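None of the values given here were measured: they were computed from a predicted structure. Side chains included, hydrogens not; waters and symmetry mates left out as well; all remaining heavy atoms used.
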Amino acid sequence: QVQLVESGGGLVQPGGSLRLSCAASGRDFSINAMGWYRQAPGKQRELVARITRGGSTNYADSVKGRFTVSGDNAKNTVYLQMDSLKPEDTAVYYCNADMTRWGRTVGRVDYWGQGTQVTVSS
């Protein structure tokens with residue numbers, strides 16, 4: 001059983017900062033990439049930022065220069081540092097892990113966290 005556990009969401013004023021964390025646990029897996037998606041009310045889920053095991057990153061245009069994604073391969077953890085937050089960043093943020101599995105489940109599999117609310121408001 002693989003689990004992604006997120007933390008770090010909350011309420012922050014415009015211009016403020018938050019840091020999200022997501023840790024993967026379980027057995028018989030190797031992580032190819034981890035990332036963050038978000039979904040605002042009435043909108044589709046969208047990619048925010050992603051990092052590969054080798055350290056390559058990509059970002060949504062709307063967050064470039066404000067958000068930074070990083071990872072700790074030894075801890076199977078991905079972080080999202082969010083600075084200069086805007087009200088339009090308000091959404092539920094979901095952690096995603098692209099994994100290769102072996103053992104009882106074999107192959108490339110996507111996993112999702114439960115989501116953490118980020119609200120930017122004065």
Trainee: How many angstroms lie between atom NZ of K64 and atom OG1 of T57, to the nearest 0.5 angstrom?
Mentor: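 Interatomic distance, K64 NZ to T57 OG1, rounded to 0.5 Å: 9.5 Å.
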Trainee: Quick check on side chain to side chain contact (heavy atoms under 4.5 Å, CB included): which of L18, V12, L11 does V120 satisfy it with?
Mentor: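 Looking at L18, V12, L11, the match for V120 under the side chain to side chain contact (heavy atoms under 4.5 Å, CB included) is V12.
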Trainee: A24 and L4: which non-hydrogen atoms are nearest, and at how many Å?
Mentor: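 Closest heavy-atom pair between A24 and L4: CB-CD2, 3.4 Å.
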Trainee: Distance alone, cut at 3.5 Å: any donor-acceptor contact between the side chains of D28 and T105?
Mentor: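 Not at all, the side chains of D28 and T105 share no donor-acceptor pair under 3.5 Å.
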Trainee: Could you walk me through whether Y79 and D72 pass side-chain contact (heavy atoms from CB on, under 4.5 Å), step by step?
Mentor: CA-CA 8 Å; Y79 306 97; D72 185 332; 4.2 Å; yes
Trainee: Considering non-hydrogen atoms only, spot the tightest contact between Q39 and A91 and give its length.
Mentor: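 Q39 and A91 have their closest heavy atoms at O-CB, 3.5 Å.
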Trainee: With distance as the sole criterion, is a donor-acceptor pair present between the side chains of R45 and Y37 under 3.5 Å?
Mentor: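 No, no side-chain donor-acceptor contact under 3.5 Å.
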Trainee: Mind checking what makes side-chain hydrogen bond (donor to acceptor under 3.5 Å, both in side chains) contact with Q81, not counting sequence neighbours?
Mentor: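 With neighbours one apart ignored, the set is D83.
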Trainee: Under 3.5 Å, is there a donor-acceptor pair linking the side chains of R66 and Y59?
Mentor: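 No, no side-chain donor-acceptor contact under 3.5 Å.
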Trainee: Nearest 0.5 Å please: distance from the CD atom of E6 over to the CD atom of Q117.
Mentor: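 Taking CD in E6 and CD in Q117, the distance rounds to 12.0 Å.
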Trainee: Using the rule given for side-chain contact (heavy atoms from CB on, under 4.5 Å), can you reason through V63 versus R38, listing the C-alpha separation, both sets of side-chain angles and the distance that settles it, and then say yes or no?
Mentor: CA-CA 12 Å; V63 307; R38 67 186 180 186; 4.0 Å; yes
Trainee: If only atom types and distance count, is the side chain of T77 paired as donor or acceptor with the main-chain N or O of K75 below 3.5 Å?
Mentor: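 Such a contact is found between T77 side chain and K75 backbone.
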Trainee: Is the shortest side-chain heavy-atom distance between V69 and V78 below 4.5 Å?
Mentor: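 Sidechains of V78 and V69: in contact.
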Trainee: Do D98 and I31 come close enough that some side-chain heavy atom pair is under 4.5 Å?
Mentor: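 Side chain of D98 against side chain of I31, heavy atoms only: no contact under 4.5 Å found.
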